[in-house]
Amino acid sequence: MEILIMACLVAFALIYTKTVDTNQFLEENDIYIKMLKEKDWDFYVSARYGDKKDPDELFRKRIKETFIFAMIILLLLVTKFSFINLVFFMVLIYVIYKSYYTNLRSYYKRYMSKIDQMLPYYLKGLEILCQNYTVPVALARSIEDAPEIFKPGLRVMVEKINNGDSSIQPYMDFANQYPVRDSMRMMRLLYRLGLGAQENKYQQLTMFSKSVSSLQNKAREDKYKQRLSVMEKKTMIMLVVTGGGTMIILVFAMLLMMG
């Protein structure tokens with residue numbers, strides 16, 4: 001047990017003083033470490049940070065911090081080592097490791113309503129570009145002004161199209177990556193717009209434009225409903241607080257009169 005404690009302390013000291021280069025170790029074993037990464041980790045990191053954070057670098061940091069926590073917890077439990085403590089240790093480390101992923105996923109779910117409202121306005125700008133350019137060129141030109149969260153998905157979609165994938169799959173992959181309202185239908189319309197001959201482009205573009213306008217109206221209605229819901233909640237809280245305060249004052253006044 002004493003040897004285990006000393007080993008933990010030495011390992012922690014070497015990592016803390018950067019005598020052992022943990023970054024190099026993680027990079028050398030990158031293939032095995034990536035097996036621990038969730039399939040949608042990269043997407044959630046991109047959704048949360050955009051291009052500001054590298055998913056692989058952030059994952060290596062996650063592994064490193066989880067290891068440090070494991071060392072600290074092991075040192076605390078090693079003096080009272082038992083099977084129950086071992087199970088507790090494993091469960092706690094798993095929770096710590098998964099908490100990074102859970103926080104990113106929770107953020108994405110909270111952000112989904114905003115994404116739902118962003119998509120129609122992005123598509124409106126894309127519609128204007130499609131009037132002057134082909135769909136692939138319009139998609140590439142739209143990336144710079146697109147909302148930050150859409151940029152990773154757009155880059156992947158444009159790259160697939162430029163590499164010769166003329167099927168609907170790049171569009172569907174984008175829709176699956178951002179599974180908000182009508183994203184599938186809008187990507188199908190966009191694909192058909194790209195396939196249409198030049199003489200039919202105006203008709204296809206008109207259909208696409210009507211669908212975008214419909215989405216924008218729905219987004220406005222949802223935004224209005226959300227504001228109305230917030231106002232109703234605030235009103236209810238105000239009424240409850242006012243009513244409760246009034247009742248307390250009345251009861252206090254009655255007690256004074258009785259006294």
Side-chain angles (χ1 to χ4, degrees), residues 39-56 58 104-105 107-224 226:
K39 291 181 179 179
D40 47 3
W41 168 263
D42 289 4
F43 169 68
Y44 287 135
V45 171
S46 298
R48 177 67 179 87
Y49 299 107
D51 295 333
K52 297 177 183 177
K53 299 278 186 178
D54 178 34
D56 291 335
L58 200 62
L104 286 173
R105 188 173 62 179
Y107 174 84
Y108 175 75
K109 288 181 177 179
R110 291 194 305 269
Y111 205 55
M112 278 295 287
S113 60
K114 292 184 179 179
I115 297 172
D116 202 7
Q117 293 177 1
M118 287 178 187
L119 185 61
Y121 296 98
Y122 163 71
L123 291 173
K124 189 64 180 177
L126 183 61
E127 173 205 330
I128 295 170
L129 288 172
C130 286
Q131 293 174 8
N132 302 311
Y133 304 99
T134 61
V135 171
V137 174
L139 285 168
R141 284 179 171 269
S142 71
I143 294 175
E144 186 178 351
D145 297 324
E148 198 67 33
I149 194 167
F150 293 139
K151 288 182 178 180
L154 287 170
R155 289 193 183 100
V156 172
M157 179 165 60
V158 170
E159 184 179 354
K160 288 178 180 177
I161 294 170
N162 290 338
N163 288 337
D165 191 346
S166 58
S167 69
I168 197 175
Q169 196 56 46
Y171 298 86
M172 290 298 97
D173 289 343
F174 180 85
N176 287 324
Q177 191 172 355
Y178 304 95
V180 292
R181 178 180 51 203
D182 287 342
S183 59
M184 288 282 187
R185 185 172 65 87
M186 297 306 299
M187 288 300 107
R188 288 193 188 96
L189 288 173
L190 192 61
Y191 174 69
R192 289 172 193 165
L193 179 62
L195 286 179
Q198 192 64 29
E199 56 269 17
N200 297 327
K201 183 176 180 180
Y202 178 75
Q203 184 180 355
Q204 294 282 349
L205 194 58
T206 302
M207 187 183 300
F208 184 74
S209 178
K210 287 180 179 178
S211 298
V212 172
S213 297
S214 177
L215 273 182
Q216 283 184 314
N217 290 332
K218 288 178 183 178
R220 290 191 194 99
E221 288 176 5
D222 288 347
K223 197 171 184 179
Y224 174 75
Q226 288 175 4

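If you're wondering where the values come from, they're calculated on a predicted model, not measured in any experiment.
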**Item:** Side-chain heavy-atom pair Cys130, Val135 within 4.5 angstrom cut-off
**Value:** yes
**Asked** Would you call the rings of Phe174 and Phe150 parallel, tilted or perpendicular, where under 30° means parallel and over 60° means perpendicular?
**Response** tilted
**Asked** Is any side-chain heavy atom of Leu139 less than 4.5 Å from a side-chain heavy atom of Leu190?
**Response** yes
**Prompt:** How far does CE of Met157 sit from CD of Gln177, to the nearest 0.5 angstrom?
**Reply:** 9.5 Å
**Asked** How many angstroms lie between atom OH of Tyr171 and atom CG of Leu193, to the nearest 0.5 angstrom?
**Response** 8.5 Å
**Request:** Can you measure from CG (Leu123) to CG (Leu189) and round to the nearest 0.5 angstrom?
**Result:** 10.0 Å
**Item:** Non-hydrogen atoms of Pro152 and Tyr178 that approach each other most closely
**Value:** CD-OH, 4.2 Å
**Fill in**
Here the pair of heavy atoms bringing Ser142 nearest to Tyr122 is OG-OH, 2.8 Å
**Flag side-chain contact, heavy atom, 4.5 Å: Met172 against Arg188** = yes
**Message:** Looking at Ser213 and Ser209, would you say the former's side chain and the latter's main chain have a donor-acceptor pair under 3.5 Å?
**Reply:** yes
**Prompt:** What's the shortest heavy-atom distance between Ile161 and Pro170, and which atoms?
**Reply:** CG1-CB, 4.1 Å
**Message:** For Arg141, I'd like to know if atom CZ has over 12 heavy atoms of other residues, nucleotides or ligands within 6.0 Å.
**Reply:** no
**Message:** Let me confirm one number: the OG-CG distance from Ser167 to Asp173, rounded to the nearest 0.5 Å.
**Reply:** 8.5 Å
**Prompt:** Hey, mind stepping through Glu148 and Tyr49 against side-chain contact (heavy atoms from CB on, under 4.5 Å) and telling me if it holds?
**Reply:** CA-CA 8 Å; Glu148 198 67 33; Tyr49 299 107; over 6 Å; no
**NZ (Lys210) with more than 12 external heavy atoms under 6.0 Å** = no
**Message:** For the CG atom of Leu119 and the CE atom of Met187, what is their distance to the nearest 0.5 Å?
**Reply:** 6.0 Å
**Complete:** CE of Met184 to CD1 of Ile168, rounded to nearest 0.5 Å, is 9.5 Å
